[in-house]
Amino acid sequence: MSQQHPAAPAPHSAAAAVADRRRDWWRDAVIYQVYPRSFADSNGDGMGDLEGVRSRLPYLRDLGVDAVWLSPFYASPQADAGYDVADYRAVDPMFGNLLDADALIRDAHDHGLRIIVDLVPNHSSDQHEWFKRALAEGPGSSLRERYHFRPGKGKNGELPPNDWESIFGGPAWTRVRESDGSAGEWYLHLFAPEQPDFNWEHPAVGDEFRSILRFWLDMGVDGFRIDVAHGLVKADGLPDLGSHDQLKLLGNDVMPFFDQDGVHAIYRQWRTILDEYAGERIFVAEAWTPTVERTANYVRPDELHQAFNFQYLSTEWNAKELRTVIDRTLEAMRPVGAPATWVLSNHDVTRHATRFANPPGLGTQIRTAGDRELGLRRARAATLLMLALPGSAYIYQGEELGLPDVVDLPDEVRQDPAYFRGAGQDGFRDGCRVPIPWTRTGSSYGFGTGGSWLPQPETWADLSVEAQTGAPGSTLELYRAALTTRRTEPGLGAGDTVQWLRAPEGVLTFRRGEFVCVTNTTADPVTTPAYGRVLLASGEVTETDGATEVPADTTVWFTAA
């Protein structure tokens, strides 16, 4: 990029010092996702920021997580909540500046926490210097080759170059107005029009991102979560897909714009850079693929370290379905030597406390509150099941408080770009992005002193960190106990197998060494053997005469030690 940047703080080695405390830390890490605009507001403007995150690091340390993944905080017009990056080496003023980022990284390491930052390599903002110059220079500009500019079809180029549809709805192409006022070429954007896709066939794109990686590694970050990791490479010739209901195909088929085999050469190059740095820095792929077997391609030994397990996230609260996806995940990861990952919520899907409150079959974006009590009970049980599985787990901010989705936000406050485009994603992601509550009182329940950019429900006072801290049976204390136990129990954490035990229908029971996990997904209590001492349970259990009664929608951890 041609624009000048403020000098980055001096590189430091704290990341290496932190990671050296435990080798292969990422194989069983619990990683906490922070959505910066909704975590903590330090200056009272209603928007979360990096200094706010920094002020809450002791909370995350005491919660018991290993690393913090920060959603984008780069300079951005915020057309898609920061996933439209204008400058990859600058912090957006709404979040702070590079010195704030440096202080956050250093303080996190002092607390024994690692920092993973989002990287958005599939597309930039339309305000990125490259794209602005490409528009200004017109057809034939070498900078247009760094994106996917194409002449249109039809007599006067009035039709898009192909039939691809945007994930956010509508065509995946936008026609530009050239500097002379004429209708000109079209550019590809798989997401919003403000997010033009890079052309990864152009060497300058690869050179730029290798430089960006080094910039943040020198700043001390411990890794990168790669946004749309499956999308960088497009099929040769950008062929028509031939379907006009393309969103239904996502996750079921290899698309000409997703999960192309060429992405793996990029990640092999990136891995060589990462391996130059001490401290076991890592890559995490956001890769939506048709199968867990194709996901495994991203985490071969010379590529990325982890990939999100979206098949697990989208599985219903059903013992048979859960066991199937658990087995397939472990089987797929075993040959490539990568850890399985488990995740229940993130910034793009309805929180699992609300998903599980609704009938099955509604997908991962749900507009109804459902049965709140049922949803919370299942969410707590699902969390203990997830944390008992071999590998690494991800926690989305606020799920440790049992927060539901806010499904009744007024239309006028919504900011999800998909909400304003027809036929795309449901556009209701704002419901999982409402700022989290820290205290029982205040204009934003402790989020900040000046309200919050999305309104919080009044009921959140009782779900706040203050209200739940020290409260027996609270969801927050359940998470704290679970993460403490996970660190100390020898049977938990890294691994690639579980030993399934006989169990009643609708119940999952597996052993890992001396540890046994029992999850009852049914609506009725079940009686199981007492597999040892109860370590932790998501609900009240009853033990009598060598047996344990496990209530409906409850998980119990046992140890024979």
Side-chain angles (χ1 to χ4, degrees), residues 31-39 69-72 80-83 118 167-169 191-192 225-231 247-248 250-252 258 284-290 292 295 306-318 321-322 325 329 341-370 372 375-376 378-380 382-383 385-386 393-409 414-419 421 424-436 454:
I31 299 175
Y32 186 99
Q33 181 189 359
V34 165
Y35 194 67
R37 62 173 55 206
S38 298
F39 193 66
W69 153 35
L70 296 168
S71 292
D80 185 22
Y83 283 94
D118 235 307
I167 307 304
F168 287 166
F191 296 90
R225 176 264 191 186
I226 305 169
D227 183 63
V228 196
H230 53 298
L247 290 178
K248 291 184 178 179
L250 293 178
N252 298 308
F258 279 165
V284 182
E286 182 209 28
W288 287 89
T289 67
V292 290
T295 300
Q306 294 184 353
F308 289 140
N309 189 344
F310 292 117
Q311 285 80 10
Y312 186 76
L313 181 150
S314 58
T315 302
E316 305 287 357
W317 185 241
N318 175 284
E321 294 180 17
L322 286 165
V325 74
T329 298
T341 65
W342 315 101
V343 59
L344 293 167
S345 289
N346 62 36
H347 65 292
D348 282 332
V349 300
T350 299
R351 289 181 178 275
H352 61 282
T354 296
R355 295 203 316 273
F356 293 151
N358 280 273
L362 299 181
T364 58
Q365 288 193 354
I366 298 175
R367 306 180 189 182
T368 55
R372 164 68 179 148
L376 180 59
R378 289 177 171 177
R380 288 162 57 96
T383 294
L385 171 61
M386 174 183 77
Y394 283 77
I395 295 172
Y396 177 52
Q397 66 176 44
E399 71 172 72
E400 77 277 13
L401 304 177
L403 296 185
D405 242 57
V406 181
V407 298
D408 57 354
L409 287 170
R414 293 189 179 277
Q415 299 192 27
D416 184 349
Y419 182 75
R421 294 170 63 86
Q425 288 181 332
D426 285 339
F428 288 85
R429 295 178 298 173
D430 292 315
C432 67
R433 300 175 177 182
V434 174
I436 66 174
L454 286 173

Open item on the list: Under 6.0 Å between ring centres: does that hold for His230 and Phe310?
Closed with: no
- [ ] Assert yes or no for the condition that the ring centre distance of Phe308 to Trp69 is strictly below 6.0 Å.
- [x] yes
Shortest non-hydrogen contact from [X] to [Y]?
| X | Y | answer |
| --- | --- | --- |
| Ile436 | Gln397 | CG2-NE2, 4.0 Å |
| Ile366 | Val407 | O-CG1, 4.2 Å |
| Ile31 | Gln306 | CD1-OE1, 4.1 Å |
| Asp405 | Gly431 | OD2-C, 3.4 Å |
| Tyr396 | Cys432 | OH-O, 2.8 Å |

Within the 4.5 Å heavy-atom criterion, are [X] and [Y] side-chain neighbours or not?
| X | Y | answer |
| --- | --- | --- |
| Ser38 | Leu454 | no |
| Leu322 | Trp317 | yes |
| Phe356 | Leu376 | no |
| Phe258 | Ile167 | yes |
| Glu286 | Ile226 | no |

- [ ] Run the salt-bridge test on Arg351 and Glu399 with the 4.0 Å N-O cut-off and return the result as yes or no.
- [x] no
Open item on the list: Looking at Arg433 and Asp348, is any side-chain nitrogen of the basic one under 4.0 Å from a carboxylate oxygen of the acidic one?
Closed with: yes
Task: Partner residues of Arg355 under the salt bridge (Lys or Arg N to Asp or Glu O under 4.0 Å) criterion, sequence neighbours left out - done: none
Can you sort out the partners of [X] under side-chain hydrogen bond (donor to acceptor under 3.5 Å, both in side chains), two or more places apart, ordered by chain and number?
| X | answer |
| --- | --- |
| Arg37 | Gln78 |
| Glu400 | Tyr32, Tyr59 |
| His352 | Ser345 |

Open item on the list: Going by side-chain contact (heavy atoms from CB on, under 4.5 Å), name the residues that satisfy it together with Ala353, two or more places apart in sequence or in a different chain.
Closed with: Arg372, Ala379
Open item on the list: The criterion is side-chain contact (heavy atoms from CB on, under 4.5 Å); which residues satisfy it with Val343, sequence neighbours excluded?
Closed with: Leu313, Tyr394
Task: Asn309 and Thr329 side chains, donor-acceptor separation under 3.5 Å - done: yes
Task: Polar contact flag, side-chain donor to acceptor under 3.5 angstrom, Ser71-Gln33 - done: yes
- [ ] Determine yes or no for a side-chain-to-main-chain donor-acceptor pair under 3.5 angstrom, with Thr295 supplying the side chain and Thr289 the backbone.
- [x] no
Task: side chain to side chain contact (heavy atoms under 4.5 Å, CB included) between Tyr83 and Asp118, worked out - done: CA-CA 9 Å; Tyr83 283 94; Asp118 235 307; 2.9 Å; yes
- [ ] Check the pair Arg367 / Asp408 against salt bridge (Lys or Arg N to Asp or Glu O under 4.0 Å), numbers first and verdict last.
- [x] CA-CA 8 Å; Arg367 306 180 189 182; Asp408 57 354; over 6 Å; no
Open item on the list: Would Trp342 and Leu385 count as a side chain to side chain contact (heavy atoms under 4.5 Å, CB included) here? Give the steps.
Closed with: CA-CA 10 Å; Trp342 315 101; Leu385 171 61; over 6 Å; no
Task: Value rounded to 0.5 Å, distance of CZ in Arg378 from CG in Asn358 - done: 10.0 Å
